[in-house]
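Please read the structure below before turning to the comments.
Chain letters run A, B, ... following the sequence lines, proteins first, then strands; residues in each count from 1.
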Amino acid sequence: MPYRVQLQNFEGPLDLLLFLIRKNEVEIYDIPVADITQQYLEYLTMIELLDLDNASEFVLMAATLIRIKAQMLLPKPELEDDEEAEDPREELVRRLLEYQRYKEVAWEISDLEKEQRQHFPRSDFTFNFEDDKDVDEEELLGKEVSIFGLMSVFAEIMKRIPPRTEHTVEQIPVTIEEQAEVIMCLVDKQDRVLLTEILQQIKERIIVIVTFVALLDLVKNKRVQLNQNNPFAEIWIRKI
Amino acid sequence: MDHAFQKQIVEALIFASDVPISAKKIADLEEELDSRKIKKIVEELNSDYQKSKRAFFIANVAGGFQLNTRKDFTPWLKKLFKGRLRTRLSQASLESLAIITFKQPLSRVEVDAIRGVNSGGVIKNLLERNLVCIAGRSEGPGKPLLYGTTKEFLRYFGINDIADLPKPKEIDEIMGKLDQEEGISESIIETLTETESFEDESNHKDDSAQ
């Protein structure tokens, strides 16, 4: 989709219009509507049609331009002496100028942002043990794990295993009981094991699921205990 | 209490505060100090830091004082906070913020009208980053939510007050050499001065949890 990229350079129809005005080096208050409309429509055809969310606003502007063009072509009604002819472009020019004002402010605050991001305030007082590798391991086995903590680890692991695109039905020889034994075996040997360590070794999604269910089963039967120091920190499995 | 000790008190408070601490707050905590004295002390501290080549200085942001590192150390701090720094704001976010800043409180539809595109997603993102907040509801049809900028907004851009920001140029400035008898431009300038709704400092919403 090469044209989408191009259109996304513009923040909206007004942005595109301003770009065309600048590119053609014409005055904003005296837009050559026919030319600009032509060029605008050329850009518009580049819009991926399925991207309706994005396209509708651009299409609306195209309609506005065409209406203005038509209005300018029509013969003007005779006016009284004190009446001034209204320029059909007036409303559009007003909008363009208004948008332009804020666009300029946006550039200026962008500079401020860039400047300020070079200064680091003394303000982040939340201490994160994960960043500190020298923490006492006993301390890591601090708090009880919430179900949300478990879910997030599970989701994280599932994300790393891409879903298979071809579809062959085969039986995967794994049971909850077997996986429970695998976990118990590891916990026996090492005293405590990281949940991610167990799940990461597994390459098959269904086995991850079975292992996870097995773990929940072990927790329910009070054979293992789960601990976590902080929200989102590593989860440890320990034998009870 | 001698001046040197007062200076240390101010320094201690600014050092330990987790949000920019205002002169008023400091004055509340030590009755011998007032805003004028505190400002003078901060100036002195900053000049002390500079003389002794400290890596930080006291910045005046979001209506308070806060210790900030100097620019010279940015590369190392960036490495230290790698992966934990938020990305810079997108062009769409900056445009919407510019509009909200100078026209607040205003509804999403008003932002959309100026930008010519739907700004819902962008505003949601600004809310999440705590750069804008809901500043009430309009009395108009549908009672839409109104948005305004936050204290975090001031801190993020390193300014003390919205009045410190460059104001949007007046339309005639943008148009520059435009001559006076031009009908369109005159009416535009009129409409815009009428709708000009920028109000200064007192306008931003104080949302930060103290």
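Side-chain contact check for B:Arg115 and A:Tyr102: no donor-acceptor pair (N or O, by modelled atom type) lies under 3.5 Å. B:Tyr156 and A:Glu113 are linked by a side-chain donor-acceptor pair at a separation below 3.5 angstrom, with hydrogens and angles left out of the test.
Expressed to the nearest 0.5 Å, how far CD1 of B:Ile58 lies from CZ of A:Arg122 amounts to 12.0 Å. Between the CD atom in B:Glu95 and the CH2 atom in A:Trp107 there is a gap of 9.0 Å [rounded to 0.5 Å]. Between the CZ atom in B:Arg86 and the CZ atom in A:Arg117 there is a gap of 9.5 Å [rounded to 0.5 Å]. In this structure, CG in B:Leu154 is found 11.0 Å from CD in A:Gln116, a value given to the nearest 0.5 Å. Distance OG1/B:Thr74 to CD/A:Gln118: 5.0 Å, rounded to 0.5 Å. Rounding to the nearest 0.5 Å places CZ of B:Phe153 at 5.5 Å from CD1 of A:Ile109.
Taking every heavy atom of both residues into account, B:Val117 and A:Pro13 meet most closely at CG1-CD, 3.6 Å. Of all heavy-atom pairs spanning B:Ala98 and A:Ala106, the tightest one is CB-N, 3.9 Å. When all heavy atoms are compared, the tightest approach of B:Arg155 to A:Pro121 is NH1-CG, 3.8 Å.
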> When you look at B:Phe102 and A:Arg101, which way does the side-chain contact (heavy atoms from CB on, under 4.5 Å) test go after all the steps?
Replying inline: CA-CA 11 Å; B:Phe102 289 100; A:Arg101 295 172 77 201; over 6 Å; no

> Given B:Phe57 and A:His119, is the ring-ring contact (aromatic ring centres under 6.0 Å, His included) satisfied, shown in steps?
Replying inline: CA-CA 10 Å; B:Phe57 66 102; A:His119 298 291; 5.2 Å; yes

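For chain B, the option among A:Leu14, A:Asp30, A:Leu17, A:Asp111 with the highest count of heavy-atom pairs below 4.5 Å is A:Leu14.
For A:Ser110, the side-chain hydrogen bond (donor to acceptor under 3.5 Å, both in side chains) partners are B:Arg88, not counting sequence neighbours.
Within 6.0 Å of the CD atom in B:Gln50, the count of heavy atoms belonging to other residues, nucleotides or ligands does not exceed 12.
Contact annotation: the side chain of B:Pro166 never approaches that of A:Val105 to less than 4.5 Å [non-hydrogen atoms, C-beta and beyond].
Only the side chain of B:Ile159 has a heavy atom closer than 4.5 Å to any heavy atom of chain A. For A:Glu91, no part sits under 4.5 Å from any heavy atom of chain B, backbone or side chain. Neither the backbone nor the side chain of B:Ala59 comes within contact range of chain A, judged by heavy atoms closer than 4.5 Å. Heavy atoms closer than 4.5 Å to chain A are found in both the backbone and the side chain of B:Leu89. For a residue to count as touching a neighbouring chain, one of its non-hydrogen atoms must lie under 4.5 Å from one of that chain's; by this rule B:Asp72 does not touch chain A.
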What side-chain donor-acceptor pairs closer than 3.5 Å can you find for residues 65-75 of chain A, not counting sequence neighbours?
none

